[in-house]
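In what follows, a single structure is set out as structure tokens and then discussed.
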Amino acid sequence: MFADGIYEVIPVYHGNPFRLNDHLNRLQYCLEQIKLTSPYSSEQWQTIIEQLIERNGGGHMSIYLQVTRGVHDERDHLYKENITPTVLLMASPLTVAEQPLTSCKATLLADTRWQHCDIKSIALLGNIMLRNQAQAKGYDEAILHRDGKITEGTTSNVFIVNGGIVYTPPQNNYILGGITRDVIIEICHTAGVEIQQQCIHIEQLLAADEVWISSSSREISPVIQIDDKIIGHGKVGPISKTLFAEFQHFKRQLLATKSK
């Protein structure tokens, strides 16, 4: 009732959970931030997830995992001791077809959410309101800012390119460090593309040679327009194309790995 809980979404390829340790580490971190003791150890979570995968026939799927504080006999804002957390896990089909490189348009909006966006909270009302505000204006996503600095999108992380160097905001309490974001940073290193994690001001974003947003569903989506400002002459830039190709190569290798 208070959105007092944490969630994770874990893709599964050929019955193998993708970067399960990373997801479980983030789950543990978020639970600790809200003073909610994890009902299971990492090993127990892994066993439960393996059982869920097996019961759903293996293959490709998406696992949604949610932990809320539990049920108490009265409605109260205070944390209660000796309550058993409520745990939900469910599996959904996952489409893994290679995606085309698709550009999008974004709008700049003030980041009006709370100051603990690094916690993967089930309380997503702030994100929902901002995303719908962007859609109502005719844009695919909102790129958010605080005190003149870019944080993230409502459902995505943000990258820019200036002078051949990729920049992305540093991981802090104002952004949720996405697993896809981590993969892109790793791909930059392996592809020999310099990447720096540092604050990005609005002026730098609008003057960038290239901009893209990333998420597990979007992967890499170049932004060719932000409000009335055209980015990169309205065309997808060369580094976006290179990293998109490298990401698809990474994904093909992942999908080629069968369950043991």
Side-chain angles (χ1 to χ4, degrees), residues 1-10 19-39 42 45 64-69 77-79 85 106-134 141-160 166-186 188-189 195-206 208 211-218 220-221 223 226:
M1 294 177 69
F2 294 102
D4 184 4
I6 301 300
Y7 77 99
E8 278 290 335
V9 181
I10 307 168
R19 301 205 169 188
L20 182 56
N21 287 338
D22 291 347
H23 285 282
L24 293 180
N25 287 340
R26 184 169 64 181
L27 174 68
Q28 179 62 35
Y29 167 80
C30 292
L31 290 173
E32 289 174 355
Q33 297 307 299
I34 66 169
K35 311 300 183 186
L36 203 170
T37 301
S38 177
S42 292
W45 279 121
Y64 178 84
L65 185 162
Q66 176 178 293
V67 184
T68 53
R69 197 166 300 274
H77 288 72
L78 294 175
Y79 298 154
T107 183
L108 271 171
L109 294 177
D111 194 342
T112 54
R113 305 170 301 166
W114 71 328
Q115 298 191 32
H116 296 284
C117 298
D118 56 324
I119 298 175
K120 200 170 177 66
S121 165
I122 62 174
L124 293 171
L125 183 58
N127 298 65
I128 290 169
M129 293 174 67
L130 290 164
R131 177 71 186 278
N132 280 271
Q133 187 177 338
E141 174 64 301
I143 294 178
L144 309 178
H145 60 89
R146 293 177 189 257
D147 301 321
K149 299 175 184 177
I150 302 303
T151 53
E152 58 184 354
T154 64
T155 61
S156 59
N157 291 119
V158 179
F159 294 79
I160 72 169
V166 177
Y167 299 90
T168 191
Q171 192 163 324
N172 55 36
N173 60 298
Y174 294 130
I175 74 167
L176 179 67
I179 305 298
T180 300
R181 173 183 179 273
D182 294 340
V183 171
I184 292 173
I185 291 172
E186 292 171 15
C188 283
H189 292 315
I195 182 166
Q196 297 183 16
Q197 299 184 54
Q198 65 179 50
C199 292
I200 298 172
H201 293 267
I202 292 176
E203 295 77 14
Q204 293 173 294
L205 174 77
L206 297 177
V211 177
W212 74 78
I213 53 178
S214 72
S215 68
S216 57
S217 59
R218 294 176 181 272
I220 294 176
S221 183
V223 179
I226 301 175

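Throughout, residue positions are numbered sequentially from 1 according to the sequence presented.
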Closest non-hydrogen atom pair between Leu109 and Ala142, with its separation: CD1-CB, 3.6 Å
message: I need the minimum non-hydrogen distance between Asn157 and Glu152, along with the two atoms involved.
response: ND2-OE1, 3.7 Å
query: Between Gln66 and Gly5, is there a donor-acceptor pair closer than 3.5 Å when you use the side chain of the first and the backbone of the second?
result: no
query: For Asp147, does the CG atom sit with more than 12 other heavy atoms under 6.0 Å from it, leaving out its own atoms?
result: no
message: Whether the Tyr29 and Asp118 side chains hold a donor-acceptor pair (N or O, under 3.5 Å, no angle test) is what I'd like checked.
response: yes
message: Under the rule for side-chain contact (heavy atoms from CB on, under 4.5 Å), what residues qualify as partners of Glu32, not counting sequence neighbours?
response: Gln28
field: For the student: nearest non-hydrogen atoms of Ile150 and Pro169, plus distance
entry: O-CG, 3.7 Å
query: Of the non-hydrogen atoms in Ala110 and Leu144, which two are nearest, and what is the gap between them?
result: O-CD2, 4.5 Å
message: Under a 3.5 Å distance rule, please check whether Arg26 uses its side chain to pair with a backbone N or O of Glu8 as donor and acceptor.
response: no
message: Can you pull out every salt bridge (charged side-chain N to carboxylate O under 4.0 Å, His left out) where at least one residue sits in residues 169-181? Sequence neighbours excluded, please.
response: none
message: Which heavy atom of Gln197 sits nearest to which heavy atom of Ile185, and what is that distance?
response: NE2-CD1, 3.8 Å
- prompt: Under 3.5 Å, is there a donor-acceptor pair between the side chain of Glu141 and the main chain of Thr155?
  reply: yes
Would you give me the side-chain donor-acceptor pairs under 3.5 Å for residues 120-131, sequence neighbours excluded?
residue: Ser121; atom: OG; partner: Ala123; partner atom: N; Å: 2.9
residue: Asn127; atom: ND2; partner: Thr154; partner atom: O; Å: 2.8
residue: Arg131; atom: NE; partner: Asp140; partner atom: O; Å: 3.3

task: Might you point out which heavy atoms bring Tyr174 and Arg113 nearest each other, and give the distance in Å?
output: O-NH2, 3.6 Å
